[in-house]
There are 2 protein chains.
Amino acid sequence: MLHVSQRAHYGLRAMTELAKAYGNGCLSLVEIAEVEHLSAGYLEQLAMPLRRAGLIEGTRGPHGGYSLSKPPAELTVGEVIRALEGPVAPVECLTDEYVQGSCIREPGCGSRVVWRRVQQSIDQVLDSLTLADLCATAARGEVAFIPIGDIKPIGELGRNSGTVRCAVTR
Amino acid sequence: MLHVSQRAHYGLRAMTELAKAYGNGCLSLVEIAEVEHLSAGYLEQLAMPLRRAGLIEGTRGPHGGYSLSKPPAELTVGEVIRALEGPVAPVECLTDEYVQGSCIREPGCGSRVVWRRVQQSIDQVLDSLTLADLCATAARGEVAFIPIGDIKPIGELGRNSGTVRCAVTR
DNA sequence: ATATAACCTACTTAACGACTAGGTTATTCG
DNA sequence: CGAATAACCTAGTCGTTAAGTAGGTTATAT
């Protein structure tokens, strides 16, 4: 469990397409939808918050479309996800809107600290990856499917590679 | 976003209660429900998978209830969550059931590697905390609310503390 | 024998995610 | 100019699922 929404998933894929095309004009939603096998109508819904967050720019009319407003290397996955879904917050008492004391179970709650740490850990992963990183792995292709139990120490991927530790699991 | 279900949240709280009571007989669901302000009927639904996973044991009849089947220090949060919700898998193509190739978007998918890493990072956090850790923080009380931006390097909490890195955020 | 509490199955309901539909505005090009 | 294009915007549908209820059966202590 701990699902991420299709919204975030699709949005990230679309942003990766825009990142690939960065420097070569813009891509229309229809073009992106074709490549990524998504509904263009739905993509439109994702484009809006991304534009409002200042991550992409739209150009109207024929040969219009969207383009990244920053180089891919300066756009983190975390920015994209947060623009689409809001801040990562596994439980309600870790959202910005939460007013301290409003949860009856607050005093002596031991589990909150768990989710807080999960939250931090997710943020750290998302903020350590840029769209440029994703383009690189997508281009190479072989990284798309990582066999479970065979994760390499990160190394080349991720700009904060030094601090992110992906231990071998199971 | 990246919500965790109430199911997992409540279940973990219930398990923490059982951990506190470990060694002093068992607790009935009604007792747990009172302390944690939860519905006893709903708790019953959570008790079942926990029992089937071998994490708790039930005793019927008067003065019956549930008790942990292992000492709290040997029960990780990850075991509890996985018993309640199944394996952590942000996207479908990271579940055990996923058959490789069934996603049209699989070739050249750059985003999968992101979710894979998120998955690992979550698992690592959950597996590094035991119920005993949670009891300790709950007992101290002050840990229940960690001001954002003021997270200490882990140290005393978590048995695998050496490998888990929670960097200061923002 | 009775009360208690685990154990089990099925149902309800409200919320939400994932789209679809149908429109308006701006821009390019013939 | 006007027609085509594509962003921009709002609202509605529809299916799924989480969350919680209801109503029962079995085992055990007193």
Side-chain angles (χ1 to χ4, degrees), chain A residues 1-14 18 21 25-34 36-69 81 84-86 89-92 95 105, chain B residues 1-14 18 21 25-34 36-69 81 84-86 89-92 95 105:
Chain A
M1 295 291 152
L2 261 162
H3 281 292
V4 83
S5 63
Q6 296 286 61
R7 185 183 170 86
H9 200 183
Y10 291 176
L12 186 56
R13 299 178 60 86
L18 289 179
C26 50
L27 281 180
S28 75
L29 289 181
V30 173
E31 287 171 308
I32 298 176
E34 273 172 13
E36 294 284 347
H37 300 94
L38 304 172
S39 135
Y42 190 49
L43 268 187
E44 219 171 285
Q45 307 242 348
L46 312 186
M48 225 182 305
L50 290 169
R51 190 177 55 84
R52 289 185 178 140
L55 306 185
I56 59 176
E57 281 163 6
T59 319
R60 295 194 187 191
H63 309 110
Y66 289 96
S67 58
L68 295 189
S69 46
I81 302 300
L84 289 166
E85 295 215 76
V91 287
E92 212 196 315
T95 58
R105 305 183 257 273
Chain B
M1 294 293 150
L2 261 163
H3 280 292
V4 83
S5 65
Q6 296 287 61
R7 186 183 170 88
H9 200 183
Y10 292 175
L12 185 55
R13 301 178 58 86
L18 289 179
C26 51
L27 281 179
S28 76
L29 290 180
V30 173
E31 288 172 307
I32 298 176
E34 273 172 12
E36 294 284 347
H37 301 95
L38 303 172
S39 137
Y42 190 48
L43 268 187
E44 218 172 285
Q45 306 244 351
L46 312 185
M48 224 180 307
L50 290 169
R51 189 177 55 83
R52 289 185 179 143
L55 306 184
I56 59 177
E57 279 163 8
T59 320
R60 295 194 185 190
H63 308 109
Y66 289 96
S67 58
L68 295 189
S69 46
I81 302 300
L84 289 166
E85 296 214 75
V91 287
E92 212 196 315
T95 58
R105 304 183 259 274

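Chain letters run A, B, ... following the sequence lines, proteins first, then strands; residues in each count from 1.
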So if I take every side-chain heavy atom of [X] and compare against [options], which nucleotide ends up nearest?
X	options	result
A:Q45	D:dT21, D:dA11, C:dC7	D:dA11
A:L29	D:dC9, D:dA7, D:dG20	D:dA7
A:R7	C:dC8, D:dT21, C:dA18	C:dA18

Practice problem: Please state whether the base of C:dC19 and the side chain of A:Q6 form at least one donor-acceptor pair under 3.5 Å? | Solution: no
For [X] and [N], what is the distance between atoms [atom1] and [atom2] respectively, to the nearest whole Å?
X	N	atom1	atom2	value
B:L43	D:dA22	CG	C1'	16 Å
B:L2	C:dG17	CG	C1'	14 Å
B:Y42	C:dC11	OH	P	19 Å
B:M48	C:dA5	CE	P	18 Å
A:E31	D:dT5	CD	P	13 Å
B:E44	D:dG24	CD	P	15 Å
A:L46	C:dG17	CG	P	13 Å

Exercise. Return yes if some donor-acceptor pair links the side-chain N/O of A:R7 with the main-chain N/O of A:L84 below 3.5 Å, else return no.
Key: yes
Quiz item: So, does A:T95 use its side chain to make a donor-acceptor pair with the main chain of A:A89 at under 3.5 Å?
Solution: no
Exercise. Kindly calculate the angle separating the two end axes of the helix from C:dA1-D:dT30 to C:dG30-D:dC1, each obtained from five base pairs, and round it to 10 degrees.
Key: 10°
Point-to-point distance, once rounded to the nearest 0.5 Å, from [atom1] of [X] to [atom2] of [Y]:
X	Y	atom1	atom2	value
A:C26	A:E31	SG	CD	8.0 Å
A:R13	A:L46	CZ	CG	12.5 Å
A:L12	A:E36	CG	CD	9.5 Å
B:L50	B:Q45	CG	CD	12.0 Å
B:L55	B:S69	CG	OG	6.0 Å

Quiz item: Think A:Y10 has a side-chain N or O under 4.0 angstrom from the OP1 or OP2 of C:dA18?
Solution: no
Exercise. Report yes if a side-chain nitrogen or oxygen of A:R51 is closer than 4.0 Å to either non-bridging phosphate oxygen (OP1 or OP2) of D:dC9; otherwise report no.
Key: yes
Quiz item: Among residues 54-69 of chain B, which contact DNA chain C at a heavy-atom distance under 4.0 Å?
Solution: B:G58, B:T59, B:R60, B:G61, B:P62, B:G64, B:G65, B:Y66
Quiz item: Taking side chain as C-beta onward, heavy atoms only, is A:M48 less than 4.5 Å from A:R52?
Solution: yes
Exercise. Would you check if B:E85 and A:L2 make a side-chain contact, meaning some heavy-atom pair closer than 4.5 Å?
Key: no
